[in-house]
Amino acid sequence: MLQKLKYFIEVAQQQSFTKAADTLFISQPALSKQMRLLEEELGFSLFNRSVRGVKLTEKGKGLYQELRPLFTEIEKTVTHYQGHDKVRFGSTPFLSSYFLHEFYGNLERANFYVTAIRDDSQDLLPLLENDEIDGAIIQDVPTYKKLRSTLLFKDEFVAAIPVSFHLASKEEVSIDECMMETQIIPPEGSLSEQIRAIRNEHHYKGKIVESHYHAMAGLVSLGVGIAYLPSIMVKQIEYKGVVFLPIQRSPLVRHMYLYATTLEMLDYLQRLFTK
């Protein structure tokens with residue numbers, strides 16, 4: 001039936017069996033026969049036929065309007081597989097560990113490969129620009145030169161608190177309560193900038209301990225202070241001696257943008273990252 005439906009869409013667009021037959025490279029009688037068979041299978045008429053051509057019936061019009069977008073998506077997918085042996089993707093260690101695996105089934109079928117790893121996602125932008133990779137997820141950069149991009153998800157940070165701290169017994173904490181304790185933050189980057197801005201705005205004077213991102217939870221477990229970790233990570237880990245609590249009004253966030261070299265690739269990657 002799929003082939004017949006494809007023929008139907010072409011006839012509906014051309015409003016002519018003759019023109020549609022030419023486009024489809026089949027004879028007009030063969031096309032007419034296929035449409036009669038399709039109408040029999042569906043149980044209703046698709047066309048009002050006359051000497052002036054063909055027009056869709058009301059049911060035929062409704063069927064066409066729903067099928068056309070679906071066939072457009074099919075054509076995009078087929079075109080992608082014709083044009084790409086594989087999808088070359090750039091990632092960070094963090095996203096490879098806590099995000100990509102959730103879409104393993106989609107990515108495996110798409111011949112998807114992580115071919116570039118960078119600690120800072122923004123370092124992947126030159127690779128996209130030079131066509132060394134086809135796509136990447138970039139943090140907190142909504143647009144970049146002529147590359148295509150769209151917001152993929154927003155990730156809120158939660159507070160990582162030592163179980164020995166009095167705040168650990170609460171269901172949620174405020175940023176003010178957190179700032180009264182020693183802050184464990186990365187030496188640079190978006191999270192570090194957000195925390196420093198909050199401290200400056202409210203004139204907090206507490207101690208700061210700078211640490212590599214992946215070592216922060218370990219320092220929290222030792223009771224050194226409070227750190228902040230992305231929710232997509234916290235949902236998948238447990239850390240002895242650490243309690244993860246939401247922060248009221250979610251003051252610490254990061255925006256993750258999906259990037260691609262072409263609009264077609266961007267659309268395709270969006271579908272891959274949809275559950």
Side-chain angles (χ1 to χ4, degrees), residues 1-89 99-114 128 131 133-137 146-153 256-275:
M1 180 180 282
L2 193 63
Q3 182 78 306
K4 296 189 190 76
L5 290 173
K6 181 180 178 181
Y7 289 168
F8 160 68
I9 287 173
E10 191 61 38
V11 175
Q13 289 181 161
Q14 300 283 359
Q15 295 188 20
S16 165
F17 279 97
T18 302
K19 292 179 181 178
D22 290 341
T23 302
L24 296 167
F25 300 104
I26 63 173
S27 68
Q28 181 179 334
L31 178 59
S32 297
K33 181 179 179 180
Q34 290 298 308
M35 292 301 92
R36 285 195 298 273
L37 290 173
L38 178 60
E39 288 176 320
E40 290 176 9
E41 289 182 48
L42 294 174
F44 57 84
S45 297
L46 296 169
F47 304 103
N48 291 318
R49 299 164 174 83
S50 71
V51 293
R52 290 176 291 182
V54 293
K55 287 189 177 181
L56 292 170
T57 62
E58 285 303 311
K59 278 193 173 182
K61 187 182 298 183
L63 183 64
Y64 169 73
Q65 289 173 345
E66 292 200 36
L67 284 180
R68 178 64 264 183
L70 298 178
F71 272 81
T72 299
E73 291 302 309
I74 292 172
E75 289 165 1
K76 284 182 180 179
T77 301
V78 171
T79 300
H80 167 77
Y81 277 100
Q82 288 175 331
H84 300 276
D85 292 331
K86 66 180 183 180
V87 176
R88 304 165 301 165
F89 202 77
F99 180 74
L100 296 183
H101 74 279
E102 294 188 12
F103 304 90
Y104 177 80
N106 290 355
L107 302 183
E108 184 182 37
R109 289 190 292 272
N111 214 16
F112 179 101
Y113 294 91
V114 176
L128 283 162
D131 202 30
I133 54 176
D134 302 306
I137 298 171
K146 295 183 179 180
L147 295 174
R148 304 288 186 166
S149 63
T150 187
L151 179 65
L152 186 60
F153 66 93
M256 309 303 290
Y257 294 90
L258 181 61
Y259 270 78
T261 51
T262 66
L263 184 58
E264 176 198 356
M265 177 60 73
L266 184 65
D267 290 342
Y268 183 68
L269 289 172
Q270 276 188 284
R271 293 197 295 275
L272 293 183
F273 290 121
T274 300
K275 292 182 179 180

> Among Leu107, Leu269, Asn111, which residue meets the side-chain contact (heavy atoms from CB on, under 4.5 Å) test with Val87?
Replying inline: Leu269

>> Going by salt bridge (Lys or Arg N to Asp or Glu O under 4.0 Å), name the pairs with one or both residues in residues 22-39, residues two or more places apart or in two chains.
In response: Glu39-Arg49

>> If we count only N and O atoms by modelled type, under 3.5 Å, do the side chains of Tyr104 and Asn106 hold a donor and an acceptor together?
In response: no

>> Glu41: which residues meet the side chain to side chain donor-acceptor pair (under 3.5 Å) condition with it, sequence neighbours left out?
In response: Lys4

> Who pairs with Thr18 by side chain to side chain donor-acceptor pair (under 3.5 Å), at least two apart in sequence or on another chain?
Replying inline: Gln28

> With sequence neighbours excluded, what pairs up with Glu102 under the side chain to side chain donor-acceptor pair (under 3.5 Å) test?
Replying inline: Gln236, Lys275

> Is there side-chain contact between Leu38 and Gln34, with at least one heavy-atom pair below 4.5 Å?
Replying inline: no

> So Phe17 and Met35, side-chain contact (heavy atoms from CB on, under 4.5 Å) or not? Walk me through it.
Replying inline: CA-CA 10 Å; Phe17 279 97; Met35 292 301 92; 3.5 Å; yes

> In chain order, what residues pass the side chain to side chain contact (heavy atoms under 4.5 Å, CB included) check against Lys146, with sequence neighbours excluded?
Replying inline: none

> Distance from Gln3 atom CD to Phe8 atom CZ, nearest 0.5 Å?
Replying inline: 14.5 Å

>> My understanding is that only residues two or more places apart in sequence, or in another chain, count here; which of them pass ring pair (Phe, Tyr, Trp, His ring centres under 6.0 Å) with Phe99?
In response: Phe103, Phe153, Phe273

>> I need the Thr72 OG1 to Leu67 CG distance, nearest 0.5 Å.
In response: 10.5 Å

> Can you tell me if Asp134 uses its side chain to pair, donor with acceptor, with the backbone of Ala260 under 3.5 Å?
Replying inline: no

> Which value, rounded to the nearest 0.5 Å, describes the distance between Leu128 atom CG and Ile133 atom CD1?
Replying inline: 4.0 Å

> Between Phe112 and Phe89, does the ring centre distance come in under 6.0 Å?
Replying inline: yes

> Is there a side-chain contact between Leu152 and Tyr257 (heavy atoms, below 4.5 Å)?
Replying inline: no

> Excluding sequence neighbours, so at least two apart, what forms ring pair (Phe, Tyr, Trp, His ring centres under 6.0 Å) with Phe44?
Replying inline: none

> What residues form a side chain to side chain contact (heavy atoms under 4.5 Å, CB included) with Glu40, not counting sequence neighbours?
Replying inline: Leu37

List the atom pairs, with distances to 0.1 Å, where a side-chain N or O of residues 54-64 and a protein N or O form a donor-acceptor pair under 3.5 Å, not counting sequence neighbours.
unit_1 : atom_1 : unit_2 : atom_2 : d
Thr57  : OG1    : Ser45  : O      : 2.8
Thr57  : OG1    : Leu46  : O      : 3.4
Thr57  : OG1    : Gly60  : N      : 3.0

> What's the spacing between Ser149 OG and Leu258 CG if we round to 0.5 Å?
Replying inline: 8.5 Å

> Quick one: side chain to side chain contact (heavy atoms under 4.5 Å, CB included) partners of Ala20, sequence neighbours excluded?
Replying inline: Glu10, Val11, Gln14, Leu31

> With sequence neighbours excluded, what pairs up with Leu2 under the side chain to side chain contact (heavy atoms under 4.5 Å, CB included) test?
Replying inline: Phe71

> Could you give the distance from CD1 (Ile137) to CG (Leu100), rounded to the nearest 0.5 Å?
Replying inline: 5.5 Å

> How would you list, by chain and number, every residue that makes a salt bridge (Lys or Arg N to Asp or Glu O under 4.0 Å) with Arg148, sequence neighbours excluded?
Replying inline: none

